[in-house]
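What follows is a single structure, written as structure tokens, with notes after it.
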Amino acid sequence: MSDVVAGGAKSMEELVSLCKRRGFIFPASEIYGGLNGFWDYGPLGAQLKKNLADRWWRDMTLTPPVRDGKPVSIVGVDSSIIQNPRVWEASGHVGGFSDPMVDCKESKQRYRADKIFLVGFFSLDQAKELYASLEDAVALLEKAPDASLEERAEIQRLFQTWRAEYSQRAANLGLPAIIVSEQGDSAEEAVAAAQRRLSKRQLKHLGVNFTPPGWAHPLVSAPEKWPRLSPATQTESLTAPRDFNLMFQTYVGATASEDDKAYLRPETAQGIFLNFANIVDTTRVRVPFGIAQIGKAFRNEVTPRNFIFRSREFEQMEMEFFCHKDEARGWLDFWVEERRRWWMGVGLSEANMIVRKHDDDELAHYAKAGAGTYDIEYRWPFTHPGFGELEGVAHRGNFDLSQHEQHSGKKIAYFDQERNERYLPDVIEPAAGLTRGVLALLCEAFTPDESRASKVVMKFHPSMAPIKAAVYPLVNKDGMPEVGEKLVGDLRRRFGHLGLIEYDAKQSIGKRYARMDEAGCPVCFTIDGQTLEDQTVTCRDRDTLAQERISLDRVVDWLGEKIGG
RNA sequence: GCGGGUGUAGCUCAGUGGUAGAGCGUCACGUUGCCAACGUGAAUGUCGACGGUUCGAAUCCGUUCACCCGCUCCA
């Protein structure tokens with residue numbers, strides 16, 4: 001494997017090009033111009049993805065890792081993509097991220113756009129102009145600086161009454177003397193907070209000695225002329241409002257009313273938590289144990305980027321590991337190292353991976369109380385020489401189970417016989433992107449080689465390679481095709497469940513070898529004249545280009561050793 | 001979301017208002033027989049899409065879509 005993927009955009013473009021040329025990955029619905037953030041997997045890509053997913057499923061649920069001499073207990077599930085919409089309220093996906101949000105670029109604060117109010121305070125002169133047609137009000141305003149308590153109350157009352165009526169005129173009046181931005185659940189609340197915020201100097205500037213009323217507008221509907229101030233800094237440091245509902249919506253049933261609204265899952269994890277109680281009740285597992293799932297997830301990303309790295313439909317391999325909270329730290333460390341080594345086992349080089357602990361301020365809502373989140377990051381061509389996320393291992397505490405217990409009203413706590421204690425277990429979650437994993441395998445395998453006819457060779461780990469072997473008669477005659485076809489049959493019976501066995505008798509042998517270099521096939525078996533004499537074939541190694549002769553009846557075992565399985 | 005760039009055959013690209021092109025790849029036949037060999041032949045395009053200007057648009061204009069790069073975003 002290459003230490004470092006050739007950096008920068010150039011190699012990424014070449015990789016995308018190769019993926020299309022060789023049938024790994026195509027833009028989705030390409031003949032209609034494609035669709036931003038969606039990709040289709042061709043014959044080789046589908047097999048590569050399947051190989052990676054099968055390996056993960058096997059290493060989680062069938063032959064799980066061993067800790068302290070005992071295999072870890074993990075079972076599999078396959079939950080529905082669409083669940084009761086209340087699931088996403090409990091998980092926190094609907095509440096916090098369904099409304100337009102604005103970010104303050106200076107303070108890094110994020111606000112719901114409908115919870116920010118701009119409160120405009122008009123000077124005494126502006127107010128007089130505004131209320132010119134209202135003699136009572138103007139009369140009171142004339143006295144404002146020396147108004148009695150009763151008169152001040154009356155002024156306040158009049159302003160309150162007429163504020164709505166005159167808001168349009170206020171908008172046309174020009175900028176208020178002072179504009180203050182406040183967060184609040186209502187306009188009244190925001191005005192009160194804004195009044196408290198005004199300094200003595202600002203009050204003096206307004207020309208009155210009592211707190212003047214203001215006009216409060218939600219950020220999104222304030223007059224265009226008013227500056228969009230950040231509550232944190234009171235400067236124009238806000239981004240434009242953005243819709244942060246990352247979930248795809250759909251409707252269950254044919255009537256499509258708002259009551260039938262449902263969501264495509266934005267992560268597979270919740271399907272595991274939803275079935276926690278079912279699995280405890282039916283499978284005799286005991287804490288600590290894990291539940292694993294592979295499946296599609298959907299996020300309406302603001303900006304899909306970097307090929308399949310961030311797409312809107314993607315696949316996850318998530319395992320939720322349930323344990324007592326006292327043991328969570330140990331399991332977190334165990335899974336971080338376990339997962340890092342697993343990725344090396346499928347061909348990623350150690351030099352291209354790092355483990356990075358999340359800073360406190362980037363922890364997800366579900367991980368705030370936990371022992372931390374670690375990212376296993378890969379050195380992608382587009383992050384080179386930096387790294388980007390491949391898999392996250394998070395301590396989610398018992399956030400999810402307790403949320404579902406509260407929202408559903410169902411008891412899902414686990415009774416621990418050994419500890420004689422009922423509790424909601426903590427969760428350690430190794431959550432990997434399957435499609436990101438495929439991209440990592442592609443990036444790792446991509447190896448430019450000017451000395452080869454193909455100019456590039458895909459050095460997949462043999463266990464991951466979509467094409468396991470190719471069988472090539474040197475020429476398409478003299479009995480060689482017959483020998484080749486029989487060998488292909490033998491190999492497919494033995495390895496067909498692991499990957500493709502290629503057969504081709506056309507064109508020059510060099511051209512066929514070159515195609516297999518681009519496809520990442522680890523070995524080619526060539527039937528030649530000597531085969532007919534002594535029953536041996538040539539094994540052509542993809543990485544070293546070395547050729548060795550082995551006996552025809554040893555080919556199946558020989559390949560088995562090479563690709564594993 | 002903002003700014004910049006790109007879009008012509010499967011791939012890489014040429015083509016600045018007048019018949020749609022090249023190389024590579026693909027396919028067939030022949031020859032050769034261990035690394036994209038050679039010869040002959042063949043297939044393949046709404047020139048990303050839509051609209052406009054024009055006698056005439058791949059080419060000029062507008063809109064839009066997709067991809068790439070930089071910001072932004074990435075629970």
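From a predicted model like this one, the values you see are computed outputs, not experimental measurements. Order of the sequence lines sets the chain letters (A, B, ...), proteins ahead of strands, with each chain counted from 1.
Evaluation of atom-type donor-acceptor distances gives a pair under 3.5 Å for the side chain of Arg540(A) against the base of rC35(B).
Between the CG atom of Asn36(A) and the P atom of rU64(B) there is a distance of 15 Å, rounded to whole Å. Rounded to an integer number of Å, the gap from CG of Leu18(A) to P of rG10(B) is 17 Å. Protein atom NZ of Lys511(A) is 10 Å distant from nucleotide atom C1' of rC24(B), rounded to whole Å. Note: CG (Asp504(A)) to C1' (rA36(B)) measures 13 Å, nearest angstrom. If you measure from atom CD of Gln547(A) to atom P of rC35(B), you get 8 Å, rounded to the nearest angstrom. Rounded to whole Å, atom C1' of rC73(B) lies 12 Å from atom CZ of Arg312(A). Across the protein-nucleic acid pair, Leu35(A) atom CG and rC67(B) atom P stand 8 Å apart, rounded to whole Å. To the nearest angstrom, P of rA75(B) lies 15 Å from CD of Gln270(A).
In the set rG10(B), rC34(B), rA66(B), rG10(B) carries the atom at the smallest distance from any side-chain atom of Lys20(A). Considering only side-chain atoms of Lys477(A), the nucleotide from rC35(B), rG33(B), rU26(B) that sits closest is rG33(B). Side-chain proximity of Arg305(A) to the nucleotides rU32(B), rC2(B), rA37(B) is greatest for rC2(B). Listed candidates were rG33(B), rC35(B), rA66(B). Nearest to the side chain of Arg512(A) is rG33(B). Side-chain proximity of Val475(A) to rC69(B), rG33(B), rC34(B): nearest is rG33(B).
In this structure, rG56(B) forms no base pair with any nucleotide, since neither Watson-Crick nor G-U wobble geometry is met with both distances under 3.5 Å. Using N1 to N3 plus N6-O4 or O6-N4 for Watson-Crick, or N1-O2 and O6-N3 for G-U wobble, each under 3.5 Å, rA43(B) pairs with nothing. In this entry rC67(B) has rG5(B) as its Watson-Crick or G-U wobble partner, both defining distances falling under 3.5 Å. With a cut-off of 3.5 Å on both Watson-Crick or G-U wobble distances, the partner of rG51(B) is given as rC61(B). Remark: rA14(B) base-pairs with no nucleotide in the shown strands. Criterion, Watson-Crick or G-U wobble with two distances under 3.5 Å. Across the strands present, rG30(B) finds its partner in rC38(B); the criterion is a Watson-Crick or G-U wobble pair with both atom distances under 3.5 angstrom.
Looking only at atom types and distance, the side chain of Asp528(A) has no donor-acceptor partner in the side chain of Thr526(A) under 3.5 Å away. For Gln507(A) and Arg515(A), the side-chain atoms include at least one donor-acceptor pair closer than 3.5 Å. Under 3.5 Å, the side chains of Thr383(A) and Tyr378(A) contain no donor-acceptor pair of N or O atoms. With 3.5 Å as the limit, one finds a donor-acceptor pair spanning the side chains of His404(A) and Gln270(A). Ser79(A) and Gln293(A) share a donor-acceptor pair across their side chains, judged by distance under 3.5 Å alone. No hydrogens or angles considered: a donor-acceptor pair under 3.5 Å links the side chains of Asp553(A) and Ser551(A).
Contacts of Pro27(A) with the nucleic acid, taken as non-hydrogen atoms under 4.0 Å apart, are absent.
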